[in-house]
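Here's the structure, in structure tokens; my notes come after.
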Amino acid sequence: DDFVKEDYIELLLKSLIESNSDISMCSFEYVEKFNVKVNENILNENKIYSNFDIIKKTLEGKVQFYAWNKMYKRELFINNLISYPEGRLYEDMPTFMKLLLNSKKVSYINKVLYSYRIRENSITFEKGKNLANNFNDSIRDVNYILQSYNLINRFSDELINFNTMYTLMNCKNICIYSGYNSKKFYKEYNKLFKDNIIKYSLINILKSKSTQRWVKRDYILFKCKLLCIKNKIRDKREGVIT
């Protein structure tokens with residue numbers, strides 16, 4: 001399974017204490033068989049950020065929601081009645097957003113301390129509607145949480161990237177259990193996304209300064225009914241399907 005460096009806990013704790021932060025984070029790498037890929041995180045220096053800085057970067061896809069490359073002050077959970085929901089996948093998305101909104105400072109360590117092992121039988125590769133539904137619920141929850149804090153307008157451009165990017169990522173799950181059949185895929189998509197999380201026009205997405213280039217590209221493919229073909233080619237190349 002995953003593994004950590006010898007000083008993983010030591011450095012996260014030291015960063016938390018010395019900076020008096022509420023959350024400390026480190027860089028990480030993906031490990032797949034004999035291949036290692038360091039996460040391309042734009043946080044490339046040891047630095048202390050405000051919680052709003054990290055919220056912005058998280059919505060832009062520059063900081064990940066993962067729980068495992070971070071250390072948190074216990075009081076964040078206890079004082080704000082925050083907990084990870086049991087029996088749910090992608091639960092780190094809304095939970096991390098709640099933790100950020102109740103924190104003040106976040107410190108970052110520019111060092112790879114965590115190795116995330118990609119395995120074919122992990123939940124990342126689980127094929128089924130439950131995975132897609134859980135992902136969809138977490139996307140919605142992040143929006144509801146920001147709305148409850150009256151922050152939708154403050155992060156309106158970043159939310160274009162967040163909602164579009166994570167919905168497109170979830171489309172990969174739908175592609176798999178739809179057998180990469182475009183007709184079945186769009187039928188399942190419309191069932192799952194009844195309120196249409198990708199509610200932005202193509203012009204809005206293309207003009208968005210926060211939206212990543214690959215998100216704009218894949219959204220064009222989605223609109224042109226070519227997303228299933230693109231995902232099938234990618235998944236064959238990566239060995240997800242044979």
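Every heavy atom of this structure was used, including side-chain atoms; hydrogens, water molecules and symmetry mates were not. Keep in mind the model is a prediction, meaning the values are calculated, not measured. For the single chain, residues carry numbers from 1 onward in sequence order.
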Do [X] and [Y] have side chains that get closer than 4.5 Å, going by heavy atoms?
X	Y	answer
Asn102	Tyr149	yes
Gln64	Asn69	no
Met165	Lys216	no
Thr164	Thr211	no
Lys183	Lys187	no
Asn173	Phe135	yes
Phe77	Leu99	yes

Practice item. Kindly determine whether Tyr166 and Phe65 satisfy ring pair (Phe, Tyr, Trp, His ring centres under 6.0 Å), including the steps that lead there. Key: CA-CA 11 Å; Tyr166 280 97; Phe65 287 94; 5.7 Å; yes

Distance-minimising heavy-atom pair for [X] and [Y]:
X	Y	answer
Asn170	Ala132	ND2-O, 3.0 Å
Thr167	Ile139	N-CD1, 3.8 Å
Leu11	Ile109	O-CD1, 3.3 Å
Leu76	Asp22	CD1-O, 3.7 Å
Lys73	Ser21	CE-O, 3.0 Å
Met97	Ile145	CG-CG2, 4.1 Å

Point to revise | Stepwise salt bridge (Lys or Arg N to Asp or Glu O under 4.0 Å) check, Lys5 with Glu29 | key: CA-CA 11 Å; Lys5 307 299 182 187; Glu29 63 189 6; 3.8 Å; yes

Has [X] got more than 12 heavy atoms of other residues, nucleotides or ligands less than 6.0 Å from its [atom1]?
X	atom1	answer
Lys14	NZ	no
Lys184	NZ	no
Ile152	CD1	yes

Working to the nearest 0.5 angstrom, can you tell me the gap between [X] [atom1] and [Y] [atom2]?
X	Y	atom1	atom2	value
Leu151	Phe155	CG	CZ	5.5 Å
Glu158	Leu59	CD	CG	6.5 Å
Ile233	Cys228	CD1	SG	11.5 Å
Ile203	Lys207	CD1	NZ	6.0 Å
Leu168	Gln212	CG	CD	11.0 Å
Leu221	Leu227	CG	CG	6.5 Å

Practice item. Determine, step by step, whether Tyr200 and Asn163 satisfy the side-chain hydrogen bond (donor to acceptor under 3.5 Å, both in side chains) criterion, reporting the C-alpha distance in whole Å, the side-chain angles of both residues, the deciding distance to 0.1 Å, and the verdict. Key: CA-CA 9 Å; Tyr200 313 104; Asn163 286 316; 2.9 Å; yes

Exercise for review: Decide yes or no on side chain to side chain contact (heavy atoms under 4.5 Å, CB included) for Met25 and Val63, but give the supporting numbers first.
Suggested key: CA-CA 10 Å; Met25 305 187 304; Val63 169; 4.0 Å; yes

Review point. Looking at Tyr186 versus Phe222, is the centre-to-centre ring distance below 6.0 Å?
Key: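 So the answer is yes for these two rings.
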
Practice item. Measure from the ring center of Tyr49 to the ring center of Tyr108 and say whether it is less than 6.0 Å. Key: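 No, ring centres 6.0 Å or more apart.
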
Exercise for review: For side chain to side chain contact (heavy atoms under 4.5 Å, CB included), just list the numbers for Phe185 and Asn181, CA-CA rounded to whole Å, side-chain angles, deciding distance to a tenth of an Å, and then say yes or no.
Suggested key: CA-CA 6 Å; Phe185 167 81; Asn181 181 298; over 6 Å; no

Is a donor on one side and an acceptor on the other found under 3.5 Å between the side chain of [X] and the backbone of [Y]?
X	Y	result
Tyr72	Ala67	yes
Ser103	Asn51	no
Lys225	Ser182	no
Ser208	Asn204	no

So does [X] pair up with [Y], basic N to acidic O under 4.0 Å?
X	Y	result
Asp157	Lys209	no
Asp141	Arg88	yes
Lys191	Glu188	yes
Lys56	Glu60	yes

Point to revise | Pair Val31-Phe3, side chain to side chain contact (heavy atoms under 4.5 Å, CB included): steps then yes or no | key: CA-CA 10 Å; Val31 179; Phe3 53 97; 4.1 Å; yes

Point to revise | Ser156 and Asn153: CA distance, side-chain angles, deciding distance, side-chain hydrogen bond (donor to acceptor under 3.5 Å, both in side chains) verdict | key: CA-CA 5 Å; Ser156 58; Asn153 290 333; 5.9 Å; no

Any chance the side chains of [X] and [Y] put a donor and an acceptor closer than 3.5 Å?
X	Y	answer
Tyr180	Asp235	yes
Ser107	Ser15	yes
Asn130	Asn134	yes
Arg234	Asn231	yes

Review point. Which of these passes ring-ring contact (aromatic ring centres under 6.0 Å, His included) with Phe28: Tyr66, Tyr116, Tyr114?
Key: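 When Tyr66, Tyr116, Tyr114 are each tested with Phe28, the ring-ring contact (aromatic ring centres under 6.0 Å, His included) holds only for Tyr66.
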
Practice item. Any chance you could lay out the side chain to side chain contact (heavy atoms under 4.5 Å, CB included) test for Phe96 and Ile55, step after step, and finish with the verdict? Key: CA-CA 10 Å; Phe96 182 49; Ile55 290 172; over 6 Å; no

Practice item. Indicate, with yes or no, if Ile48 and Leu100 share a hydrophobic cluster defined by side-chain heavy-atom contacts under 4.5 Å among Ile, Leu, Val, Met, Phe, Trp and Tyr. Key: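 Result: no, two separate clusters.
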
